[in-house]
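Basis for what follows: all heavy atoms, side chains included, without hydrogens, waters or symmetry-related copies. Order of the sequence lines fixes the chain letters, A, B, ..., with proteins taken first and strands second; residue numbering starts at 1 for each chain.
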Number of protein chains: 2
Amino acid sequence: MVFDTIDKKLLELLQADSKQTNKELSNKLNLSVTAVYERIKKLERGGFIKSYVALLNKEKVAKNFSVYCHVKLIQHTQEYVVSFEKEVNQLNEVLECYHLSGDYDYLLKVLVSDMAAFREFMVKKLTTIRHIGSTHSMFVINEVKHTTAINF
Amino acid sequence: MVFDTIDKKLLELLQADSKQTNKELSNKLNLSVTAVYERIKKLERGGFIKSYVALLNKEKVAKNFSVYCHVKLIQHTQEYVVSFEKEVNQLNEVLECYHLSGDYDYLLKVLVSDMAAFREFMVKKLTTIRHIGSTHSMFVINEVKHTTAINF
DNA sequence: CCTGAAACTGATTAAAC
DNA sequence: GTTTAATCAGTTTCAGG
């Protein structure tokens with residue numbers, strides 16, 4: 001699909017604030033309301049926009065303890081990998097999980113309320129997953145930057 | 001502020017899809033439209049909801065090469081830290097940056113289009129930041145899980 | 001591709017229970 | 001908390017350049 005400079009600008013605006021009205025967007029883009037509407041629909045139908053979501057304040061909802069956790073599997077058999085990835089998907093403390101190059105196999109982003117909750121998570125949930133060889137946790141001291149917006 | 005079970009459920013629904021109408025939400029929550037409206041406004045005013053955003057498909061917008069990059073500073077003086085954090089915030093390839101416990105100081109999530117773009121980013125942008133001692137890059141082979149939604 | 005107008009739908013407020 | 005109803009603002013459709 002075609003995808004011009006105005007579409008990119010539009011996507012940047014929607015990534016910053018999806019509750020703007022088409023009128024506000026039309027002003028910023030120097031387009032008519034209808035043109036904005038048609039472009040958004042085109043981008044939605046084309047699958048460029050995956051979803052519209054609300055982002056929460058971690059502190060306000062008492063989930064303000066983030067930990068990055070490296071995980072190494074015992075072996076890399078197809079069965080172990082599939083099984084591990086499936087189990088990790090079930091854990092709602094795990095917001096993100098990536099298969100990475102390097103010394104460790106996986107990197108997990110874990111979000112809980114505090115150290116006690118993290119301990120609970122490690123003991124009761126993560127380490128009970130089969131096939132895990134070792135883990136290494138790195139605590140987030142400070143969030144320097146965090147955005148969901150892709151820039152062009 | 002008070003924050004009951006219905007509010008939590010409402011936040012989960014809005015984190016999954018913020019474009020639902022109040023009527024749809026009212027059905028799922030067994031509340032009236034007015035009650036849903038009032039609760040959302042309360043959560044917005046209370047700062048629980050930070051923002052509403054569009055999430056894009058990385059593949060579709062040709063930004064499908066993610067790299068986690070550890071960065072160690074030469075020294076940890078106040079000046080070095082402030083300067084580094086400021087410069088990292090300017091780089092739009094860097095979606096996230098955390099100050100972490102452990103052997104390295106920072107973990108950056110970098111999103112670019114491909115390996116060539118990553119090389120360009122490292123040579124022209126990241127390593128030109130002053131005070132960086134060393135870096136270590138880990139390439140994302142596969143995204144196993146990725147959500148922006150906080151569960152309760 | 002774009003525009004402006006008309007029709008429709010949902011958000012918002014107020015009232016009464 | 002609920003329902004209903006009025007109003008307003010935004011979305012969506014459509015005819016035409």
(message) Are more than 12 heavy atoms, taken from residues, nucleotides or ligands other than A/D4, located less than 6.0 Å from that residue's CG atom?
(response) yes

(request) Could you check which residues of residues 31-49 of chain A get a heavy atom under 4.0 Å from DNA chain C? Sort them by number, please. (result) A/L31, A/S32, A/T34, A/A35, A/R39

For the pair made of [atom1] in [X] and [atom2] in [N], what is the distance, rounded to whole Å?
X: A/N27; N: D/dA9; atom1: CG; atom2: P; value: 16 Å
X: A/D7; N: C/dC2; atom1: CG; atom2: C1'; value: 14 Å
X: A/L10; N: C/dC2; atom1: CG; atom2: C1'; value: 15 Å
X: B/I6; N: D/dG1; atom1: CD1; atom2: C1'; value: 9 Å
X: A/L29; N: C/dC2; atom1: CG; atom2: P; value: 10 Å
X: B/N22; N: D/dT11; atom1: CG; atom2: C1'; value: 15 Å
X: A/K19; N: C/dG10; atom1: NZ; atom2: P; value: 14 Å
X: A/K23; N: D/dT12; atom1: NZ; atom2: P; value: 17 Å

(request) Would you please classify the geometry between the B/H131 ring and the B/Y80 ring as parallel, tilted or perpendicular, with 30° and 60° separating the classes? (result) parallel

(message) Can you classify the ring geometry of A/H70 versus B/H70 as parallel (below 30°), tilted (30 to 60°) or perpendicular (above 60°)?
(response) tilted

(request) Drop me the distance from B/L13's CG to B/I40's CD1, to the nearest 0.5 angstrom. (result) 9.5 Å

(request) Any chance you could measure A/L111, atom CG, to A/K63, atom NZ, to the nearest 0.5 Å? (result) 7.0 Å

(message) Quick check on salt bridge (Lys or Arg N to Asp or Glu O under 4.0 Å): which of B/K124, B/K125, B/K109, B/R119 does B/E93 satisfy it with?
(response) B/K125

